[in-house]
Every structure is written in C-alpha cells, then in structure tokens.
Amino acid sequence: MSFTGKYQLQSQENFEAFMKAAGLPDDLIQKGKDIKSVSEIVQSGKNFKLTITTGSKVIQNEFTIGEECELETMTGEKVKTVVHMEGDNKLVANIKGMKSVTELNGDTIISIMTLGDIVFKRVSKRI
C-alpha cells in the first residue's frame, strides 16, 4: 500500500496538552490549534519524503524504513531515530520518549503520538 499523496487534517484530539508537554510555546499552540495542516508524502519503495505545512510553518523530513535518520520535530529540534514499518500500512517510530504510529487505511491516515500518558490523535484525509 502506497502512502504517496496529499492529506488534509480533518480532526485532532489532545492537541494543546500534547504540544505543551512536547515543549511548544503557548503562543504557537494557540496559533496552530485551528489550522488544518496539509501533509504531502512521497513514497518510493522504502524511501519516504514528508512535507507538513501548517500555516506558514513547513517541516520536511526524509527517511528510509529501518535506517537511522534525523527528523525535525514540531519544536524545530532535530532528533535521530529509526522508522519501522509494520505490515504494509503502518509506520512506527520512537522519538525522544514519544511513540509515533501512523496508519494508512484507504484515503485516511490516522496518526497517534503518545508522550507519557498524553495521547494525541490526528485524522487526515487524502485530497
């Protein structure tokens, strides 16, 4: 199953609590909470290029399944991690104590990030 496509955020749960725990300043949390971000994914085999546009902020990350990479977080910090694939539709990574699981089901991507006891869920649809 290919992740390639553009996806727009449809809904999210626990955005403010999660971003605060992740270290994002309050003013940026307030600016970002109502923006419907767009994620563009280009998958070529095990190689992924991900561009997330939230208002004027753009984060670009590239990684290869199973290989160490450096990813930029929401706070702008760059961290090393390894992204794994479970089955053919689920990407899993652990980033500085946060677990990220991104699952593709048809035209819907569900991202669940867990930091301590805070679970942040985002649902995006292909556009």
Side-chain angles (χ1 to χ4, degrees):
M1 184 175 292
S2 177
F3 280 78
T4 296
K6 271 190 174 181
Y7 303 86
Q8 184 168 39
L9 179 67
Q10 299 297 304
S11 64
Q12 58 188 3
E13 299 167 14
N14 287 332
F15 174 82
E16 291 182 62
F18 183 86
M19 293 301 165
K20 191 173 195 74
L24 207 63
D26 285 341
D27 61 325
L28 292 180
I29 292 171
Q30 292 310 310
K31 279 184 195 172
K33 71 178 182 177
D34 296 320
I35 296 175
K36 299 290 186 199
S37 65
V38 174
S39 301
E40 183 172 5
I41 302 170
V42 177
Q43 179 184 356
S44 177
K46 290 184 170 191
N47 300 310
F48 285 76
K49 182 175 183 181
L50 172 62
T51 305
I52 303 169
T53 305
T54 307
S56 61
K57 181 161 179 58
V58 178
I59 295 176
Q60 290 186 316
N61 285 311
E62 291 187 45
F63 60 89
T64 300
I65 298 298
E67 294 182 14
E68 187 176 68
C69 61
E70 188 174 78
L71 299 179
E72 182 179 349
T73 67
M74 297 84 67
T75 60
E77 184 179 4
K78 297 199 186 276
V79 295
K80 289 191 183 301
T81 191
V82 177
V83 180
H84 298 280
M85 185 170 273
E86 293 181 3
D88 66 350
N89 70 329
K90 194 181 288 189
L91 302 173
V92 180
N94 287 296
I95 305 164
K96 286 189 68 179
M98 175 189 72
K99 182 173 184 180
S100 171
V101 177
T102 302
E103 185 170 1
L104 176 64
N105 289 310
D107 287 334
T108 303
I109 284 185
I110 299 172
S111 297
I112 297 176
M113 291 179 268
T114 308
L115 184 60
D117 60 354
I118 301 169
V119 177
F120 173 42
K121 180 178 178 182
R122 294 169 50 93
V123 177
S124 299
K125 297 247 187 238
R126 194 182 302 262
I127 55 174

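We use all heavy atoms of the structure for the numbers below, so side chains are in, but hydrogens, waters and symmetry mates are not. Along the sequence shown, residues are numbered consecutively beginning with 1. Keep in mind that what you see is a predicted model, and the values were worked out from it rather than measured.
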Margin query: Once salt bridge (Lys or Arg N to Asp or Glu O under 4.0 Å) is applied, do any residues pair with D88, and if so which ones, sequence neighbours excluded?
Written below: none

State the [atom1]-[atom2] distance between [X] and [Y], to the nearest 0.5 angstrom.
X: K121; Y: S11; atom1: NZ; atom2: OG; result: 7.0 Å
X: K6; Y: E40; atom1: NZ; atom2: CD; result: 5.0 Å
X: I52; Y: Q60; atom1: CD1; atom2: CD; result: 10.5 Å
X: L115; Y: N14; atom1: CG; atom2: CG; result: 11.5 Å
X: E72; Y: E77; atom1: CD; atom2: CD; result: 10.0 Å
X: T73; Y: N61; atom1: OG1; atom2: CG; result: 9.0 Å

Margin query: On a heavy-atom basis, which atom in I118 and which in A17 lie closest, and how many Å separate them?
Written below: CD1-O, 3.8 Å

Margin query: Give me the atom names and distance for the closest heavy-atom approach of S37 to T54.
Written below: CB-OG1, 3.3 Å

Notebook entry, point to check: Looking at residues at least two apart in the chain, or sitting in another chain, which of them share a side chain to side chain contact (heavy atoms under 4.5 Å, CB included) with I65?
Noted result: K46, F48, F63, V83, M85, L91

Does [X] belong to the same Ile/Leu/Val/Met/Phe/Trp/Tyr cluster as [Y], with side-chain heavy atoms less than 4.5 Å apart forming each link?
X: V79; Y: M19; answer: yes
X: I59; Y: F120; answer: no
X: F15; Y: M113; answer: yes

Check: Is K99 atom NZ crowded by more than 12 heavy atoms from other residues, nucleotides or ligands, each under 6.0 Å away?
Finding: no

Answer yes or no: is there a donor N or O on one side and an acceptor on the other, between the side chain of [X] and the main chain of [Y], under 3.5 Å?
X: Q43; Y: F3; value: yes
X: R126; Y: T4; value: yes
X: Q30; Y: G32; value: no
X: Q10; Y: Q8; value: yes
X: T102; Y: S111; value: no

Note to self: Before you tell me yes or no, could you show the steps for F18 and L24 under side chain to side chain contact (heavy atoms under 4.5 Å, CB included), namely the whole-Å CA-CA distance, both residues' side-chain angles and the distance that decides it to 0.1 Å?
What the structure shows: CA-CA 9 Å; F18 183 86; L24 207 63; over 6 Å; no

Next item on the list: Sorted by first residue and then second, give each salt bridge (Lys or Arg N to Asp or Glu O under 4.0 Å) pair with at least one member in residues 14-33; sequence neighbours left out.
Entry: E16-K33, K20-D26

Note to self: Measuring only between side-chain heavy atoms, which start at C-beta, is V101 closer than 4.5 Å to K90?
What the structure shows: yes

